[in-house]
Every structure is written in C-alpha cells, then in structure tokens.
Amino acid sequence: MQTADENQPLVGATVRVLATDSTYVTGFTTNDEGRFEHLVDLDKFGLEVSYVGYEKNFVWVQNSERKDLDLGTIALALDSVSLGSVEVVAQAMVRKTGKILAYPIHKQVKAATSSLSLLQSMMLPKLLVDPVQESISIQGVSGVIFRINGVEASLQEVKALKPEQIARVDYSQLPSMRELDSNSGVLDFILKELQVGTSLAVGGTSAFTTGFINGNFNFRTNYKKSQFSVDYNVNYRDYSERRTDELETYSYPDGTTLTRDKRGEFAPFGYTDHNIAVGYLFKNDKDMINVRFNNQIGSNYDINRQQMFQDQQLTGRRDIHSSFSSYVPSLDFTYSRKIKDNQGVEVNLVGTLANTDYERTLTDRLEEQTLSEINNTTDGNQKSLIGEVYYWNEGEKVNFSAGVRSTYQYASNLYGADEEVNLQNYNAYPYVQLQGNLGKVAYTIGTGLRFQHQKQGNESVNYWRNTSSLSLSYQRKYWDIQYSINFRPLFPSLSSLSEVIQEIDSLSIIQGNHLLSPYNTLRNQIDFSVWDNKKFASVLTLVADRSFHPIQQDIFYSPEHKRFVFQENNQDYDVNYGAQLIVQMTDILNLFMFQVFGGWNYYKSKGAAYEHTLNNFYYGVYVALTYKGFNLYGTGRKPMKYLSGQSVITSENSCSIGASYKWKRVNIGMGLMFPFTDGSKYRTEQLAKSISSDRSVLIRNNRNMFYISLSYNINWGRSLFQSNKRLQNADNVNSILKVNDN
C-alpha cells in the first residue's frame with residue numbers, strides 16, 4: 001500500500017473486505033511495510049482501502065480457483081479536502097439507490113448502552129427511535145422491517161445486539177418488491193466479524209413511580225459449525241391513572257339529536273408481553289439451516305370509568321372492564337444454498353398457531369338502578385402456513401432478484417356462546433426486481449402479482465392485483481436527488497370481513513362487512529439531500545399519495561337494529577400531499593449533535609356521504625452530548641395529526657430527557673419521560689354526520705416518570721462464522737372483531 005504522489009508505503013491503512021452485496025466480511029490493517037496478507041474464502045469480493053487524509057480506493061478481486069494472489073500496488077491519492085489536524089470526522093452516510101449506508105463513529109459506539117440508543121444517536125433521516133419505550137418508526141411508511149446481515153429479524157433480536165457488534169446500518173425509507181405489499185421501511189444491521197463464541201446479555205429498565213418494566217435475557221453459543229440461541233424479552237405495564245373524556249352528538253334520521261358529555265375518572269389498565277425464542281443455526285461454505293421456535297404470550301386488562309351528562313344533568317355512570325389474552329407459538333425453518341458467491345436461493349417456511357380470548361363488560365347505572373349491561377366474549381383460534389422461495393443474482397452491473405411468497409390462514413372464532421365464524425384466506429405473491437445504473441442515474445424497478453382467495457362459510461371470492469415500483473436517483477459529491485413511485489394493493493383484514501355484530505353500548509354497534517374489496521394506493525416521493533461529508537446533512541422530502549376506493553368506516557342509523565352502526569366500506573378516495581425538511585449537525589465541538597425537523601401535510605378524504613380536509617404542521621428536535629462513555633440527550637416532538645376517512649387522529653405527545661454511562665461491561669442509564677406535562681395524551685375526533693365526537697385520553701402515570709436502566713453483558717470464546725439468512729416471515733394478523741374504548 002503506498003501513496004500515489006510519493007510512492008511511500010502507508011503503515012496501518014485500513015483494509016475492509018466486502019461481499020458482492022457490500023456487506024462487511026472482515027477487516028485488517030497493513031504492516032510496517034505497507035503490505036498485507038489475509039485469507040479470504042470467497043470467489044469474488046471487494047477490497048476497500050482507506051487512510052486518514054487520503055481518498056479511499058476500491059478494487060474488485062476475482063479468485064474463482066481460491067489461489068494465492070499478488071494484487072500488486074494499490075495507491076491512495078491525497079484527499080482534495082484539507083483536513084487541518086488529522087482526525088476521523090463524523091459518521092459516514094453513503095447514499096446508494098433506495099438506501100443509506102450509515103457507519104457509526106467510535107464515540108457513539110463507546111457511549112451507547114444498547115443497539116437502540118446507538119441507532120438514536122446516529123440520527124438517520126425520518127427515523128424515530130425511543131430506547132426507553134423500545135419503539136422504532138419511520139415517518140411516511142406504515143411499519144419497519146428489521147434485518148440482521150440481510151436476515152429479516154424481530155425487534156427483540158435487534159435489541160439483543162450489542163453496539164460494538166454493529167459495523168453499519170443499511171437504512172431504506174422505501175420498501176423493495178419483497179416488502180412493498182406491507183409498505184414498510186427497512187433497517188438492516190450489518191455486523192462485524194464475530195469475535196466471540198459465547199455471549200450472554202441481561203438488562204432491564206424500570207420506573208420508580210409506576211409499573212413500567214422492560215427486561216431482556218439473550219444467550220448465544222457456537223460449537224464448530226453450529227450456533228444455539230435463547231432470547232427472552234418482557235414488557236410489563238401496570239398503570240393506575242388513565243382517563244378518557246368524550247363529547248359526542250348523535251343525529252337521528254328524524255332530525256332529533258342527543259349530546260352526551262362523558263367525563264372520565266382515573267382508572268387502571270396494563271399489559272404483559274413475553275417473547276421467548278429458541279434457535280439453532282448450522283452453516284458451512286455453501287449451505288445454511290436455521291430453525292427458530294418463537295413464543296409470544298400476551299395479556300392486558302382495561303378499566304374505563306365515566307360519568308355521563310346531558311344538559312349538565314347526570315344521566316348515568318359507566319363502567320367498562322375488558323381483557324385480552326393470547327398465545328402465539330410459531331416454528332420458523334430456513335434453508336439457504338449459495339450457488340456462487342454472487343447468487344443463491346433460499347427457502348423459508350413458517351407455521352403459526354394463535355389462540356386468543358377477549359372479554360368486555362359494559363354497565364350503565366344511575367344510583368342503584370342498572371340502565372344497561374352488555375357482555376362481549378370471543379374465543380379466537382387461527383392457523384397459518386407461510387412459504388417463500390427467493391433467488392438472487394448480484395452481477396457487476398445489474399442485480400436481479402425474484403421470488404414467490406404464499407400464505408394460507410384459517411380462523412375459527414366463537415362470538416358469545418353460539419355464533420361461530422370460519423374464515424379462510426389464501427394469497428400468493430410472485431415478484432421480480434432489477435437494480436443497476438444507466439450512466440449516472442441509478443435505478444430500481446420491480447413488479448409483482450398479488451392473488452388472494454377469501455372464503456367465509458359457503459361464500460368465496462378471488463382477487464388479482466398488480467404491485468409495481470420504480471426508483472431513480474442521481475448523485476453528486478455533495479448532493480443527490482431521488483424519485484420513487486409505488487403502486488400497491490391493500491386487502492381487507494380477516495376481522496373486518498367477519499359477518500358478526502358486537503354491541504358497543506345501548507346506542508351503537510359495530511358490524512363486519514364481507515363485501516369489502518381490495519383497494520389500490522399510489523405513492524410518489526422526491527428526496528433532495530445535501531451534505532458536506534463531515535458534519536452537516538439536510539434532506540427535503542415531498543410526497544403525493546392517493547388511495548383509490550379505500551376501506552374506511554361509515555356510521556349510519558339502522559331502523560332494523562334501532563342502533564347506530566359502525567361498519568367499514570369502500571369509499572371514494574384519500575389523498576395526502578406533504579413536505580418535510582430535516583437539518584442535522586454532528587460532532588459540534590467534538591461533543592454535541594442535533595437534529596431538527598418540521599413539516600406540513602394536507603389530507604383530503606371523500607366517501608359516499610362525506611368529504612373532509614385537514615392541514616397539519618409539525619416539528620421536532622433531538623439534541624445529544626457525548627463524551628467518552630457518557631451520553632446526555634433530550635428529545636421532543638409536536639404531535640402529528642392524521643385524517644383517516646372520517647377520523648382526525650392526534651398522535652401521542654413525545655418528550656424525554658435522559659443520561660447514560662457505559663463502563664466496561666456495565667451500562668447504566670436514567671431519565672424522565674414526559675417532563676413538565678400532565679402526562680401522555682392522544683386524541684381522536686369523529687367527523688361523521690350521524691355521530692360526531694371528540695375523545696381525549698390522558699395517562700397521568702407517565703407524567704415526570706423517572707426511570708433507571710441497568711444492563712450487563714459478557715463474552716468468551718471465538719466464533720468461526722456468521723449467518724447470512726435473508727428470509728423470515730411471520731403471521732401477525734388478528735382475526736377477531738373488537739370494540740375500541742380508548
């Protein structure tokens with residue numbers, strides 16, 4: 001290794017070995033003579049050579065016969081940007097078509113107490129991370145798909161990663177063809193070469209003022225070509241002070257109206273979620289077998305108390321008690337075969353059983369008199385089988401991938417004592433995608449075909465829908481621009497198709513609709529990014545979305561039932577136009593970093609009997625100070641509003657301050673959730689002509705909630721391999737029809 005201008009050897013230059021999909025394989029440095037010698041067991045790979053003050057050099061190496069190769073001299077040119085004093089600057093964000101390759105800097109890793117806190121400090125555009133409540137979301141998409149080394153993984157598996165394991169995070173705000181049917185962004189955690197054979201991590205976060213516990217236990221051990229793993233995560237909430245206030249007006253067909261002011265009283269609610277997984281992995285040069293037995297065990301209880309007034313006169317006292325419990329075991333099997341270094345095939349099979357129990361009791365009383373009493377009970381049972389075959393071929397100029405995913409679901413739900421509803425759902429999704437470059441323009445194009453067969457009782461229906469996407473990007477040294485367009489269908493849920501009636505109260509009911517049909521969405525997005533390759537980055541995003549005949553809720557009066565009916569129907573359209581600007585700075589004075597964002601959304605929703613619009617402005621900020629193993633941060637956001645059909649939804653307010661310290665294998669943290677507020681709040685406004693309402697929920701337990709976290713991890717031995725599993729599927733569908741009281 002030598003300089004291009006003076007032909008001098010570079011001692012300690014960093015050499016990173018990358019696979020053909022740019023994933024990190026291993027790394028090392030040059031010796032005192034600027035030379036290196038290393039065994040790389042790949043037919044084709046890339047060498048990325050870097051040294052502070054010099055431009056990186058990248059070379060592809062072809063070694064199909066796995067012989068010793070002399071690569072000759074690899075020269076590095078002086079960086080044209082003056083560095084002043086020699087130092088490693090802020091984190092690198094390499095922008096590729098459809099995604100960002102983000103490399104955490106050393107001090108972020110050193111101060112991070114968990115993978116989530118590291119992700120928060122990396123400040124990826126539009127990514128919202130809450131390490132305390134253990135939530136991750138991407139603005140503009142409906143969900144997040146997690147991967148580890150290209151493998152779809154659960155949030156629990158991501159939480160089990162240690163910050164020092166993470167070499168980079170591949171971040172995509174836009175779904176690929178495989179994920180397009182779910183409209184989810186992707187976070188792929190690319191790990192460093194494993195250095196340990198056995199690892200054990202335990203940790204927990206708890207509040208002192210209320211029932212709030214998050215805990216984890218993660219164990220992995222390697223023996224020859226096998227790996228065994230056990231993961232356990234628990235989330236526990238036991239709150240005593242939640243209140244729901246609601247003002248609602250009922251408009252009858254004869255022109256009369258009824259207005260009820262329901263004033264909430266503080267009442268308890270809570271939940272407990274256990275996630276237990278046992279896994280086995282076998283891997284050699286060509287083959288990989290991965291088996292994982294997952295268990296999700298959950299339960300929650302909910303008590304809602306209100307006093308009801310009409311014209312300032314007390315007309316009754318309402319008590320609602322509800323509970324929901326579930327046990328969802330699943331078995332996940334994956335087999336992968338590497339045909340060549342740049343191509344392979346993978347098969348994934350997942351079987352799931354779901355058992356759920358739902359109970360709800362509503363009682364209205366006035367003094368000692370019972371005005372009405374309603375009982376809802378549902379025993380839910382669901383079985384599913386998901387299979388997928390995936391092929392990839394990553395060439396020098398074009399990457400090609402194709403696959404087919406198939407899902408069968410059967411639900412048998414018992415409502416009350418004798419109303420049984422059987423639902424069947426089968427869908428198939430073949431898809432294909434190409435990725436490459438046309439001159440300076442990078443492109444990704446894909447298409448797929450969604451087939452769905454739905455059956456309820458003796459009635460069945462078949463649907464065929466196309467799914468397509470196109471992404472184009474043009475990049476220069478300090479800026480890039482990207483345009484993407486996605487067209488995808490959305491299908492009604494099993495719970496919405498159930499032809500059952502659930503009583504809400506003495507005035508209203510909720511009813512399923514087996515006549516619902518799929519609808520299509522068209523999403524356009526433009527991202528314009530500017531950065532200086534050091535500390536500054538800014539992203540401007542413009543979106544234009546339209547849904548054709550979306551499934552939204554109708555409310556109407558039924559003379560047959562003498563009640564107001566809540567029922568989903570296909571409406572005319574929903575549209576959303578929006579703009580967002582993100583500005584962030586890292587490594588200010590070698591201590592501070594911040595991100596600020598603000599945006600605007602315009603919504604319009606039209607149905608057969610309604611037309612509504614909404615303008616919403618929002619903003620947020622994240623500030624952090626990092627020094628050695630110490631980290632101090634604060635975050636806050638103005639709640640965003642959304643218009644969905646005839647409902648205006650205000651998301652939960654968000655603000656917190658926290659501090660953490662990392663010492664050797666021990667991590668400790670503390671902080672305040674929702675400081676200087678009444679607690680966490682959210683709101684739903686109903687704009688229907690038949691029933692208009694304004695519902696506000698306050699959880700006072702979260703006000704100034706002080707928490708402390710503690711974790712410890714230990715590693716020993718040495719690992720000889722890492723997993724490159726790409727597929728993982730899961731059935732997360734709830735098939736029972738429930739009443740939402742909050």
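Since we're looking at a predicted model, the values are computed, not measured. Values below: all heavy atoms of this structure, side chains included; hydrogens, waters and symmetry mates excluded. Numbering starts at 1 and runs along the sequence shown.
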Can any side-chain N or O of [X] pair as donor or acceptor with the backbone N or O of [Y] at less than 3.5 Å?
{"X": "Ser484", "Y": "Ser471", "answer": "no"}
{"X": "Asp480", "Y": "Ser473", "answer": "no"}
{"X": "Arg360", "Y": "Ile504", "answer": "yes"}
{"X": "Asn486", "Y": "Arg523", "answer": "no"}
{"X": "Ser690", "Y": "Ile555", "answer": "yes"}
{"X": "Ser493", "Y": "Ser496", "answer": "yes"}

Looking only at non-hydrogen atoms, find the nearest pair between [X] and [Y] and report the distance.
{"X": "Tyr443", "Y": "Leu472", "result": "CB-CD2, 3.7 Å"}
{"X": "Phe146", "Y": "Ile136", "result": "CE2-CD1, 3.6 Å"}
{"X": "Tyr390", "Y": "Ser401", "result": "OH-CB, 3.5 Å"}
{"X": "Ser299", "Y": "Asp273", "result": "N-OD1, 4.3 Å"}
{"X": "Asp332", "Y": "Asn294", "result": "CB-ND2, 4.3 Å"}
{"X": "Asn466", "Y": "Ser468", "result": "OD1-OG, 2.8 Å"}

- Task: Begin with the C-alpha distance, continue with both residues' side-chain angles, and end with the deciding distance and a verdict on side chain to side chain contact (heavy atoms under 4.5 Å, CB included) for Tyr408 and Lys383.
- Result: CA-CA 8 Å; Tyr408 174 76; Lys383 306 173 184 178; over 6 Å; no
Inter-residue atom distance [X].[atom1] - [Y].[atom2], 0.5 Å rounding:
{"X": "Ile485", "Y": "Leu470", "atom1": "CD1", "atom2": "CG", "value": "7.5 Å"}
{"X": "Ser547", "Y": "Asp572", "atom1": "OG", "atom2": "CG", "value": "12.5 Å"}
{"X": "Asp545", "Y": "Thr521", "atom1": "CG", "atom2": "OG1", "value": "7.5 Å"}
{"X": "Thr378", "Y": "Glu419", "atom1": "OG1", "atom2": "CD", "value": "9.0 Å"}
{"X": "Asp379", "Y": "Asp357", "atom1": "CG", "atom2": "CG", "value": "5.0 Å"}

- Query: Is a salt bridge present between Arg260 and Asp505, judged by a nitrogen-to-oxygen distance below 4.0 Å?
  - Reply: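 Answer for the salt bridge query: yes.
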Report the C-alpha distance between Leu119 and Leu187 in whole Å, list the side-chain angles of each, state the deciding distance to 0.1 Å, and finish with yes or no for side chain to side chain contact (heavy atoms under 4.5 Å, CB included).
CA-CA 10 Å; Leu119 196 62; Leu187 280 171; 3.8 Å; yes
**Asked** Between Glu388 and Tyr429, does a side chain to side chain donor-acceptor pair (under 3.5 Å) hold up when you go through it step by step?
**Response** CA-CA 9 Å; Glu388 184 172 7; Tyr429 177 51; over 6 Å; no
Do other residues, nucleotides or ligands put more than 12 heavy atoms under 6.0 Å from [X] [atom1]?
{"X": "Tyr474", "atom1": "OH", "value": "yes"}
{"X": "Asn458", "atom1": "CG", "value": "no"}
{"X": "Tyr391", "atom1": "OH", "value": "yes"}
{"X": "His549", "atom1": "NE2", "value": "no"}
{"X": "Gln567", "atom1": "CD", "value": "yes"}

Applying side chain to side chain contact (heavy atoms under 4.5 Å, CB included) to Asn653 and Ser680, what does each step give before you reach the verdict? CA-CA 6 Å; Asn653 54 320; Ser680 57; 4.1 Å; yes
Side chain to side chain donor-acceptor pair (under 3.5 Å) between Asn295 and Tyr327, intermediate numbers included: CA-CA 7 Å; Asn295 296 267; Tyr327 174 48; 2.6 Å; yes
I would like to know whether Asn615 and Trp600 meet side chain to side chain donor-acceptor pair (under 3.5 Å); could you show each step before the answer?
CA-CA 7 Å; Asn615 280 283; Trp600 160 83; 3.0 Å; yes
Check your understanding: Does the side chain of Tyr463 reach to within under 4.5 Å of the side chain of Gln454, using non-hydrogen atoms?
Key ->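 Yes; the side chains approach each other to less than 4.5 Å.
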Pairs touching residues 548-571 that satisfy salt bridge (charged side-chain N to carboxylate O under 4.0 Å, His left out), sequence neighbours left out =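 Matches after skipping sequence neighbours: Glu503-Arg563.
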Query raised in the report: Which of parallel (below 30°), tilted (30 to 60°) and perpendicular (above 60°) describes Tyr250 and Phe564?
Result: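 Rings of Tyr250 and Phe564: tilted, as their planes differ by 30° to 60°.
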**Message:** Once you measure the plane-to-plane angle for Tyr602 and Tyr577, does it fall in the parallel (<30°), tilted (30-60°) or perpendicular (>60°) bin?
**Reply:**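 Parallel.
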Q | Test log, rule side chain to side chain donor-acceptor pair (under 3.5 Å), inputs Tyr410 and Asn381 | A | CA-CA 8 Å; Tyr410 175 78; Asn381 292 277; over 6 Å; no
